[in-house]
Amino acid sequence: MTSEERESNCPTIVSVGDHRRIKQPRRRELAMFTDRPWVGLRTFGDGVYWTVRRWCLQDHKALMYSVNQTVSLLGQVIISVRVAPRNPSSDVILPYSKANGSARVKMGRTEVIASVKAELGRPSSSAPGKGKVSIFVDCSPTAAPQFEGRGGEELSMELSAALRQCLLGGKSGAGGGINLSSLSIVDGKVCWDLYIDGLVVSMDGNVLDALGAAIKAALSNTGIPKVNIASATTPDEQPEVDVSDEEFLQFDTTAVPVIVTLTKVGRHYYIADATSEEESQMSSAVSVSVNQQGSICGLTKRGGAGLDPSVIVDMISVAKHVSEELMNKLDSEIAAAEAMEEDSS
Amino acid sequence: MEVDRADGRTPNQRRPVVCTRGVLHRAHGSASWAQGDTKVIAAVYGPKAGTKKNENPEKACIEVIWKPKTGQSGKPEREYEMVLKKTLQSICLLNVHPNTTTTIVIQVVNDDGALLPCAINAACSALVDAGIPLKHLAVAICCCMVESGHVILDPSKLEEQNMKAFVYLVFPNSIISVLPDGSKRPGGEAMEHGIITSVTHGVMAVDDYFSCVKLGRAAAAELSDFVRNSLKLKAGNDPSKVG
Amino acid sequence: MVESAKGMNDLSSEMEVDAFRRLFPLRFHERHLLESVRPDARPLGKARDTSLALGAVASADGSALAKIGSTTMLAAIKMEVMTPAKETPDEGCIAIEFHMPAICSPIVRPGRPAEAAPVVSKQLSDTIVSSGMLDLKELSLVSGKAAWMAYLDIYCLDADGALFDAALLAAVAAFSHLQIPVVSLNDDGRIVVFSKESEGEKPKNKPVNEEKRKLKLRSIPFGLTCIIHKNYILADPTAEEESIMETLITIVLDSSYQLVSLYKPGGPALAYQPIIQDCIALSRQRVGELQTILNEAICDMEVD
Amino acid sequence: MAAKAGTTPATYSPSPTTNNKKKNRTPLFSDVDWVRPDGRDFHQCRPAFLRTGAVNAASGSAYAEFGNTKVIVSIFGPRESKKAMMYSDIGRLNCNVSYTTFATPVRSQVSDNKDISSQLHKSLEGAIMLNTFPKTTVDVFALVLESGGCDLPVIISCASLALADAGIMMYDLVAAVSVSCIGKNLVIDPISEEENHQDGNLMTTCLPSRNEVTQLTITGEWSTPKIHEAMELCLDACSKLGKIMRSCLKESASTSQE
């Protein structure tokens, strides 16, 4: 595949805020490393990505952390908030009514959509003062032909489980990105149930991170209707609630963590935001979710190969670094997308 | 008599039996069997190529599907299927068509007691109708123990529910053979004295069971003659069906 | 050198037997039957070693682990409260379920339940209900309002023949171990567990069933499965024997030797009266054995 | 005479509602110094009872009992893969975990657990030499007899023991241990009651003699030093558990030889 072809295949990757700064080392490095042997990986999405990655794989792990994150990861995150209702893919995720919030995230050629729907429900008896959140991911056959029928079920299940683990925190709610208590309306009687649906539209690696980002964006786009509780009900009865059509409460998403997946390729190197090609060569991958305070809110590992404990510790600290910038980038992208949406409406 | 039966029968009196073969056109063989108000239709499809997983491909496989009168089939139907399958396996010549499956579908039309025996009789006639090779026929009968210790035959649903215990018995019918008497008798007993299938429900003394067997055997012999005659009759009317 | 050669010899002869067993299973077994012995060195009419442990499941109200040879059954009872049916306001209910999880046999796969499981389930509940072992009236709590529903779940942990016998043994043992929790009626009309710790909190609600902690079991049924093959009767078959010689007969007798069930679903061999009588004699013997095993298990439990 | 089938009335368990209220009222684990319900130290594991060869019908099996958590794992195969499966030059691993209805305090009908099954798969696949049984499948079936906390780690350890019993080639045994974070304390090998109140959980599965982590899952909020501490605890416990598992295998091998 020549570089021209590649560029025509992925036109969306060029809107990087500061890619000029990196362009310069790129030329140098290209010249420097063209004669070096390739480390088990083939070409990647775009030129910048390619050279820096290659450069990292060759030598300096430390350099990889700093450069890789700015270029490959942040450069490719493009977010557009609110899927237009006419969009055919929105039929899949919003079967009954308009979602309360949604977002589409592209990372390179990976594209995912997340939608959030809020419904009134009853809190579970074990946690009367809390709302409920459920996360489900669907892999569309448009992403890969093998997802036709029930083929995508396994991956969907794995992604859903990983997202739940990374975003919802522990049993007591510690580390959860969503404050469940804020979803409570009447203790033990009425609460909001949030249904978060993810849809993988196109897949080119690192789907989990993209889904995590999409959910964060969708949540910040979510308006939950204000609820007025009709007073004077006996404690036994289900209270009557009046859902407002006009007033919406914005959802606080500062606590929602971002997910960073580091894929281990070869013996010593791990890379953020791997493409499908890179994932096909992976021995294992670690997904870490990190919140704004820099605490780890969840971690899962994929791939069979074992890792040395020190490597995992190392990966966690790298993920923390990467997450900081991803978080900032994501926040600004979300803000920009929100602003754009307001302008257009 | 010591026992009063609601329909005025004597204890040893069976209900009238009606057997019609070839009632279904799409099936390879079919029969309807009615004992009083209990009526069952059996259809046979096969032998079809191949056996299911976990079945011995060196023999023919028998598959039974039990359709209740209403609703979905549950545990009792599963049990009926299993009993019927094992019973039919023991009368079919399984080595003749190895690696094939013969499906028997039982449709309950009406249940008024002695349902399983009725279904076994129906299935047996349907197998003959389909021309499946059999060792011999099987005749099924239901015996009931009344509280007072008497035995009644072929009970209705109401009688079945009020019984102390009941027994479903399946006997082979006697083979009319050119061989001299006794050559077919393992252990010195006539073949039709052996029990193919026995299913009991309720507590009874061991001796009571044997008195049930004795009465059941006598009734089965009568029934066996009936079956043989009815099959002959049909075979004469419609020779294309047999063979 | 000599020794190793001898060892080789032994191995080869062992292989031969093993191959014979796999290739001609019926002849292999018939050769044994001629000698009136079975491949596992048992006489024909003898059942395998049987053991019983009560209280195997801590989270259940009654439980038992039964082992016949390597066939293993774990039974547990959980008591829940229900509103009794209108026709029988003074009776509780039992629900019996027999499970064959994927761990028990290579034939069973997850998601596809074994063919035998619902049949054994049905047989078990028929046997236990019709044997009259339990008086459902004992399961009543508040007439017309509340009664116990006893959920008995039996799991086959290892399937090696005679599943029904082992399951029935585990089931009756679980019932004899059953300890009904003391409950009281709370203000909402619901039955709740009566706890002694929370003194002063609800002394007003008296326990409703303090004197009814144990069920009285009358005439406990025990089962024995035999294989009929030609003129031989093999008691308590293994899975291998069951697959080769297909005529099975299961006899259930209660403690007073009344016949609860005589179950012979087809099979190539016919059961003549003398054979059935022999089988019944074997079951009588077995009932005695199992009764002692059960009594010992209960004694062991009480000592603990 | 007729069995009462078909009509199963709605039932409820008399215990759980009252228990829950009680638990909420007494904040059990809120203090810095509290005693674990079973009296263990924070860093003390439950006594482990392991035995191989629990199920004769299987090619290999193991039983594990850690406190109230009781698990049986059976291994079947290597045997023919499902017909729908495509050709594969390495072996397949098929894992399934189910629960008995009486495993949990409240009787539950749901017995299938895909999530745990896939976690089990992920933890084991890295330890098994899949190339030793091409084209075939090894089935790992687990049944949780009683759930008393730390179910997944116990299933994983038990499964690797069963795999060894079945003679499946592995790089090493897989030992799994989890740690709960409750308030400021790290509690190793938590029981269900502790798990219900935990703020976070870290589970490590590792190959003790190779010092390799095959699976690591973290939930809840953790600072990096806490993670280090918890991982160290887990790895230490894993290596000890590995030794126990090894001795269990040796024992069964020596008894079978006699």
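With a 4.5 Å cut-off on side-chain heavy atoms, B:E79 and C:D126 count as touching. With a 4.5 Å cut-off on side-chain heavy atoms, C:L262 and B:Y209 count as touching. The closest side-chain heavy-atom distance from C:Q273 to B:R217 is below 4.5 Å. Looking at heavy atoms from C-beta onward, B:K75 lies in side-chain contact with C:E97 at the 4.5 angstrom threshold. Taking the side chain as every heavy atom from C-beta outward, C:I276 and B:I195 approach each other to under 4.5 Å. By the 4.5 Å heavy-atom criterion applied to side chains, B:P172 and C:L270 are counted as neighbours. Counting heavy atoms from C-beta on, the side chains of B:T197 and C:K264 never come closer than 4.5 Å.
Within a 6.0 Å radius of CZ in C:R31, no more than 12 heavy atoms belonging to other residues, nucleotides or ligands are found. Sparse packing is recorded around CD of C:E115, with 12 or fewer heavy atoms of other residues, nucleotides or ligands lying under 6.0 Å away.
Pairing each heavy atom of C:A116 with each of B:M82, the nearest pair is CA-CE, 4.2 Å. Between C:G266 and B:S90 the shortest heavy-atom distance is CA-OG, 4.3 Å.
C:I280 touches chain B through its side chain: at least one heavy atom from C-beta onward sits under 4.5 Å away, while N, CA, C and O do not. With a 4.5 Å cut-off on non-hydrogen atoms, B:K214 does not touch chain C at all. Using a 4.5 Å cut-off between heavy atoms, B:V199 contacts chain C through both its backbone and its side chain.
Atom CD1 in C:I251 sits 8.5 Å away from atom OG in B:S198 (nearest 0.5 Å). Atoms CD and CE, on C:Q258 and B:M204 in that order, are 9.5 Å from each other to the nearest 0.5 Å.
Looking only at heavy-atom pairs under 4.5 Å with chain B, the residue among C:P268, C:A117, C:A271, C:P265 that has the most is C:A271. Highest contact tally toward chain B, considering only C:Q277, C:K230, C:E246, C:Q123, is held by C:Q277 [criterion: heavy-atom pairs under 4.5 Å].
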